[in-house]
Amino acid sequence: MKIFDTLSVTERYLDTSDVVRIYLCGVTVYDESHIGHARTIIVFDTLKRYLETKNIKVKLIQNFTDVDDKIINRAKKENSSADMITSRYITNYFEDFDRLQVKRADLYPKATEHITDMIDLIKGLIDKGFAYVSKNGVYFSVLKFNGYGKLSKKHVEELVAGARVEVDETKKDPLDFALWKFSSEPPMWDSPWGRGRPGWHIECSAMSLKYLGNNFEIHGGGRDLIFPHHENEIAQSESFTGTNFAKIWMHVGMVTINGEKMSKSLGNTKSIDYVLKRWGPNIIRLFCLSGHYSKPIDYSEDMLKETVTKWRQVENCYFEMNLAENIQTRPELLNQIHEITNETNLEFGNALDSDFNTSLAISAFFKLVKHVNQMASAETLTREISDIVLPVFHRMSNIFGLKLVEITEKEKTRISDLIKLRNTLRLEKKFQDADVIRKQISDMDITLIDHKTRTTWMKQEKIGIEN
RNA sequence: GGUGAGGUGGCAGAGCGGCUAUGCGUUCGCCUGCAAAGCGAAUCUAUAGGGGUUCAAAUCCCUUCCUCACCUCCA
């Protein structure tokens with residue numbers, strides 16, 4: 001499998017001979033998570049699912065930034081403590097992402113639980129001459145690391161000229177960034193240099209090195225983290241270990257809202273809770289995976305509505321297969337369906353192996369769905385064919401993290417009895433009575449589909465916006 | 001200003017030297033007691049403008065124009 005690496009600006013082969021170690025920069029827990037976080041995390045969740053279906057072991061680590069100025073400010077504003085804020089939003093995070101059908105990562109390390117690891121790292125950097133203590137804290141000496149700028153393709157001279165870096169007389173160079181900030185109010189910890197709290201970037205270096213080693217397979221996050229966060233991580237980690245840091249840097253594109261950047265100041269952020277209430281998890285996942293992960297994607301009502309239509313076709317296909325009758329399959333169709341499923345599998349795998357092209361993989365999936373729906377429409381879909389297609393269908397929907405509504409045998413029997421009754425009434429042209437039964441069935445969230453010779457049904461996911 | 005990514009049919013979005021991507025929308029049709037869903041056909045020889053390379057270019061090169069992101073916290 002190849003993945004585009006931001007650092008080398010080329011597609012690189014992912015080493016799958018052993019455990020694939022992935023570090024994903026998670027969220028700062030000071031507010032609700034939004035659709036932008038959702039996209040990045042859904043992409044990595046899908047990647048993990050895909051690798052795992054290929055029997056590749058994955059170790060996914062995703063941190064929580066739970067010490068940060070924004071958290072402190074929020075705590076002050078609410079007259080609360082940083083702990084209260086972070087624990088509230090960590091709980092909120094899991095509620096959101098469980099609903100989004102995101103599988104749990106292997107570990108969710110918190111910055112506050114790794115203070116000593118960070119202190120050790122900073123010590124090492126000072127010993128090696130890459131960091132120094134000043135009046136306000138401990139700083140990393142950017143100019144000492146000669147690879148600085150290699151990820152974001154920035155030149156040190158231009159960064160200095162940019163002059164948008166914070167002015168701080170106590171730093172040796174304006175580009176230097178904080179590893180440790182002195183502070184006399186909580187949250188704070190003791191350190192060899194004085195009380196304070198860690199800078200933002202050091203936590204990811206400390207935790208990724210601790211749990212994944214010096215040179216792990218993938219480091220991921222949103223595009224906006226390339227500079228300065230990931231650039232600084234590289235500087236710290238490589239200065240400390242003396243070797244290369246992550247093998248592949250995988251960055252996910254931004255989510256825009258009606259073509260505009262999503263930001264607090266514009267007031268156009270869409271929280272996960274909001275989008276889930278409106279569209280539900282399957283639509284959101286399908287939407288997030290509908291374009292290539294590296295490109296921006298635009299959230300708009302129209303696009304989401306379009307996704308709903310797509311999803312209905314998948315549901316239709318699923319129910320047609322589940323309700324297919326055990327009748328004789330036309331022999332030529334049997335060969336055809338084997339061919340189609342093989343082709344779909346191939347196309348699907350090729351797409352994902354080639355820089356995780358979920359857009360193409362989804363189109364392969366939809367081709368299969370279309371074929372099944374065609375067969376259903378032509379009354380040629382049988383139990384035998386469905387049994388061939390269903391494992392393929394399930395494998396793909398599982399990789400995308402899509403979840404079809406479950407139906408029990410009891411429900412099946414109950415509905416099939418009602419359908420028989422209704423069809424008898426229809427034959428007797430007692431349409432009003434038949435409609436009463438249809439209403440009764442639709443009250444169970446079930447939609448009937450009348451074919452030429454039989455009636456099937458589906459239990460569709462309820463979409464908030466349609467009610 | 002610097003750096004990077006792009007500009008593909010009404011829309012979304014793949015392809016990245018030769019082969020209808022795919023999906024949505026719209027219109028018409030099939031099916032139906034009515035509906036819903038589904039299916040079929042059309043829209044659909046679309047590749048920002050101009051040069052060039054090539055037997056062949058959306059795909060490679062040059063150039064012009066435009067868009068977006070990052071350069072401050074951000075997924």
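Rounded to whole Å, the C1' atom of G4(B) lies 42 Å from the corresponding atom of A42(B). A distance of about 12 Å separates the P atoms of G52(B) and A56(B), rounded to the whole Å. Comparing the P positions of C60(B) and G18(B) gives a spacing of 11 Å, expressed to the nearest Å. As rounded to the nearest Å, U22(B) and C16(B) have P atoms that lie 16 Å from one another. Taking the P atom of each, U72(B) and G17(B) are spaced 37 Å apart, rounded to whole Å. For the P atoms, the distance from A48(B) to A14(B) is 15 Å, rounded to whole Å. One P atom belongs to C31(B), the other to U26(B), and the distance between them is 22 Å to the nearest Å. A gap of 10 Å separates the P atoms of A46(B) and A58(B), to the nearest Å.
The pairing partner recorded for U20(B) is none, the criterion being a Watson-Crick or G-U wobble arrangement whose two distances lie under 3.5 angstrom.
M254(A) comes within 4.0 angstrom of a base, heavy atoms only. Backbone-only engagement by N316(A) is indicated by non-hydrogen atom pairs under 4.0 Å involving sugar-phosphate atoms exclusively. Across all strands, G36(A) comes closer than 4.0 Å to base atoms (heavy-atom distances). Residue-level contact check: G253(A) touches the bases, meaning some heavy atom is under 4.0 Å from a base atom. Counting non-hydrogen atoms under 4.0 angstrom, H292(A) reaches the backbone sugars and phosphates but no base. In this structure, F431(A) reaches the bases: a heavy-atom distance under 4.0 Å links it to at least one base atom across the strands shown. Residue S294(A) is classed as having no contact, given no heavy-atom separation below 4.0 Å to the nucleic acid. L360(A) comes within contact range of at least one nucleobase, with a heavy-atom separation under 4.0 Å. Within the nucleic acid shown, R39(A) has no heavy atom closer than 4.0 Å to any nucleic acid atom. Residue-level contact check: M262(A) touches the bases, meaning some heavy atom is under 4.0 Å from a base atom. L448(A) comes within 4.0 angstrom of a base, heavy atoms only.
A salt bridge links R197(A) with D69(A); the closest basic N to acidic carboxylate O contact falls under 4.0 Å. Between E238(A) and K150(A), at least one side-chain nitrogen of the basic residue sits less than 4.0 Å from a carboxylate oxygen of the acidic one, meeting the salt-bridge criterion. Under the 4.0 Å criterion applied to side-chain N and carboxylate O atoms, D443(A) and K439(A) are assigned as salt-bridge partners. Using a 4.0 Å cut-off between charged nitrogen and carboxylate oxygen, E406(A) and K412(A) do not count as a salt-bridge pair. Taking a cutoff of 4.0 Å between a charged side-chain nitrogen and a carboxylate oxygen, E347(A) and K367(A) qualify as a salt bridge.
The nucleotide whose nearest atom lies closest to any side-chain atom of K153(A) is, among G23(B), C71(B), G4(B), G4(B). Comparing A5(B), C73(B), G13(B) against the side chain of V9(A) picks out A5(B) as the nearest. Side-chain atoms of L225(A) lie closest to A75(B) of the nucleotides C39(B), C71(B), A75(B). Set against A21(B), G33(B), C39(B), the side chain of N373(A) has C39(B) as its closest nucleotide. Nearest nucleotide to the Q374(A) side chain, out of G40(B), G23(B), G33(B): G40(B). Nearest nucleotide to the side chain of R438(A), out of A14(B), U22(B), A35(B): A35(B). The listed nucleotides are G4(B), G23(B), A36(B); the one nearest the side chain of E306(A) is G23(B). Between A12(B), G38(B), G33(B), one nucleotide has an atom nearer to the side chain of M303(A) than all others, and that is A12(B). Of all nucleotides listed (U32(B), G38(B), C73(B)), C73(B) comes nearest to the side chain of P228(A).
Atom NZ in K429(A) sits about 10 Å away from atom P in C34(B), given to the nearest Å.
Around atom CZ of R74(A), more than 12 heavy atoms belonging to other residues, nucleotides or ligands sit under 6.0 Å away. Within 6.0 Å of CD in Q432(A) there are 12 or fewer heavy atoms belonging to other residues, nucleotides or ligands.
Note on N357(A): a side-chain N or O is less than 4.0 Å away from OP1 or OP2 of G15(B). Under 4.0 angstrom from either OP1 or OP2 of G40(B) there lies at least one side-chain N or O belonging to K370(A). A close approach under 4.0 Å does not occur between any side-chain nitrogen or oxygen of K154(A) and OP1 or OP2 of G4(B).
With respect to I218(A), the side chain to side chain contact (heavy atoms under 4.5 Å, CB included) criterion is satisfied by exactly one of Y23(A), F44(A), W249(A): F44(A).
At a cut-off of 3.5 angstrom, the base of C68(B) holds no donor-acceptor pair with the side chain of R223(A). Side-chain atoms of D450(A) and base atoms of C34(B) include a donor and an acceptor less than 3.5 Å apart.
Map P296(A) and T309(A) each onto its nearest nucleotide of RNA chain B; the residue landing nearer the 5' end is P296(A). When each of E347(A) and V369(A) is assigned the nucleotide of RNA chain B with its nearest heavy atom, E347(A) is the one assigned upstream, toward the 5' end.
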